[in-house]
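The block underneath contains the structure these notes are about, expressed in structure tokens.
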Protein chains: 2
Amino acid sequence: MNIGIASKKSGLPSKTIRYYEDIELLKPARAENGYRDYSLEDVHSLTFLQRARNLGFTVEECRLLLSLYNDKNRSSSEVKSLALHKVATIEKKIAELSAMKKMLTSLAKNCHGDNRPDCPILDEIAGETEKV
Amino acid sequence: MNIGIASKKSGLPSKTIRYYEDIELLKPARAENGYRDYSLEDVHSLTFLQRARNLGFTVEECRLLLSLYNDKNRSSSEVKSLALHKVATIEKKIAELSAMKKMLTSLAKNCHGDNRPDCPILDEIAGETEKV
DNA sequence: ATTGACCTTCCATCTACTGGAAGCTTTATT
DNA sequence: AATAAAGCTTCCAGTAGATGGAAGGTCAAT
């Protein structure tokens, strides 16, 4: 299939897909007319990339994750440990996001449009940063 | 305090702190000798920036969040709605990360180092991407 | 007084795209 | 059949958000 369809299916802009080819993340077949020709498998990889990038993995990390994702044999324990390491990273990120969510929610709650000079949340954060 | 201390307290590299000054996110006072002089409040803002950037907010979003964070009066309901909007974004991101974590965990679990040709997770993902 | 750590500015480089020009191919419309 | 619009190609430039290094000033300790 052409790049436009692959783009819609994967959620990645065509530009980005071409860029990923440039940096050798994913090399599609070429049709007779020179157009890129994406297989369903390619689209799955692109979708995987879209998600992984969106979740904050670097392109180089994606390259490794993709090899885990694509390797039918999955014989490398090295790649397995990368995956587990990333799981830990994700857990940490989830925890941070939860903290951020809590903080923003509190900040918004205290934002009534009137003048309230003191803010317990600020004080709390201030207290946390003292250690060093 | 000097930039090195502010860096350690906030978790941001000095380079990045100077860059944030360049783009007018945070303007510290200057000591007599020309050195940047950060207050505790500055450090709290820097820590806030460190977290927010780490969680995927753009610098421009950070600029707004920071104004919410720093505005003692918090009188703007516009900024409040931004915060609530961001809370929704965070929730979505948490959901995505959870999905990614689940996926990576499954992938890792099926990675024994031996040869297993079929992978139920891959099939599952493949099934999901068919729609379009 | 000099060594080393720390600070300054400035300019170059990097990652990961994104936009646009110039031009070929395919599809739809007249 | 002709033409216009849509979609593809490559190539080159620009963006965001840092990051690295040079050249040089400052400060604290030996």
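Every heavy atom of this structure was used, including side-chain atoms; hydrogens, water molecules and symmetry mates were not.
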Worksheet item: For A:Asp22 and D:dC12, what is the distance between atoms CG and P respectively, to the nearest whole Å?
Response: 12 Å

Polar atoms only, N or O, under 3.5 Å: list the protein pairs with nucleotides 8-10 of chain D and their distances.
| from | atom 1 | to | atom 2 | distance (Å) |
| --- | --- | --- | --- | --- |
| D:dC8 | OP1 | A:Gly4 | N | 2.8 |
| D:dT9 | OP1 | A:Arg36 | N | 2.6 |
| D:dT9 | OP1 | A:Arg36 | NH1 | 2.9 |
| D:dT9 | OP2 | A:Arg18 | NE | 3.0 |
| D:dT9 | OP2 | A:Arg18 | NH2 | 3.1 |
| D:dT9 | OP2 | A:Arg36 | NH1 | 3.1 |
| D:dT9 | O5' | A:Arg36 | NH1 | 3.3 |
| D:dT10 | OP1 | A:Arg30 | NH1 | 3.4 |
| D:dT10 | OP1 | A:Arg30 | NH2 | 3.2 |
| D:dT10 | OP2 | A:Arg36 | NH1 | 3.0 |
| D:dT10 | OP2 | A:Arg36 | NH2 | 2.7 |

Worksheet item: With no hydrogens and no angle check, do the side chains of B:Asp42 and B:Ser45 hold a donor and an acceptor under 3.5 Å apart?
Response: no

Worksheet item: Under a 4.0 Å N-O cut-off, is there an ion pair linking B:Glu91 with A:Lys101?
Response: yes

Item to complete: For residues A:Arg51 and B:Glu96, determine if any side-chain heavy atom of one lies less than 4.5 Å from a side-chain heavy atom of the other.
Response: no

Listed pairs, N/O of protein and of nucleotides 14-17 of chain C, under 3.5 Å:
| from | atom 1 | to | atom 2 | distance (Å) |
| --- | --- | --- | --- | --- |
| C:dA16 | OP1 | A:Val59 | N | 3.2 |
| C:dA16 | O3' | A:Arg53 | NH2 | 3.2 |
| C:dC17 | OP2 | A:Tyr20 | OH | 2.7 |
| C:dC17 | OP2 | A:Arg53 | NE | 2.6 |

Fill in: Spacing between B:Glu24 atom CD and D:dA18 atom C1', to the nearest angstrom
17 Å

Item to complete: Could you pull out the closest heavy-atom pair between B:Leu12 and B:Ser7, with the gap in Å?
Response: O-OG, 2.7 Å

Worksheet entry | Atom pair distance, as rounded to whole Å: CG in B:Leu12 and P in D:dT19 | 9 Å

Discussion item. I want to check something: taking the side chain as every heavy atom from C-beta on, are A:Lys86 and A:Thr89 in contact at a cut-off of under 4.5 Å?
Written reply: yes

Discussion item. Looking at B:Glu21 and B:Arg18, is any side-chain nitrogen of the basic one under 4.0 Å from a carboxylate oxygen of the acidic one?
Written reply: no

Discussion item. I'd like to know if the side chain of B:Asn33 reaches the main chain of B:Tyr35, judged simply by a donor and an acceptor atom lying under 3.5 Å from each other, with no hydrogens or angles considered.
Written reply: yes

Item to complete: Round to the nearest Å and state the distance from B:Glu32 atom CD to C:dT8 atom P.
Response: 15 Å

Worksheet item: Is it true that B:Glu60 and B:Arg63 have a side-chain N and a carboxylate O under 4.0 angstrom from each other?
Response: yes

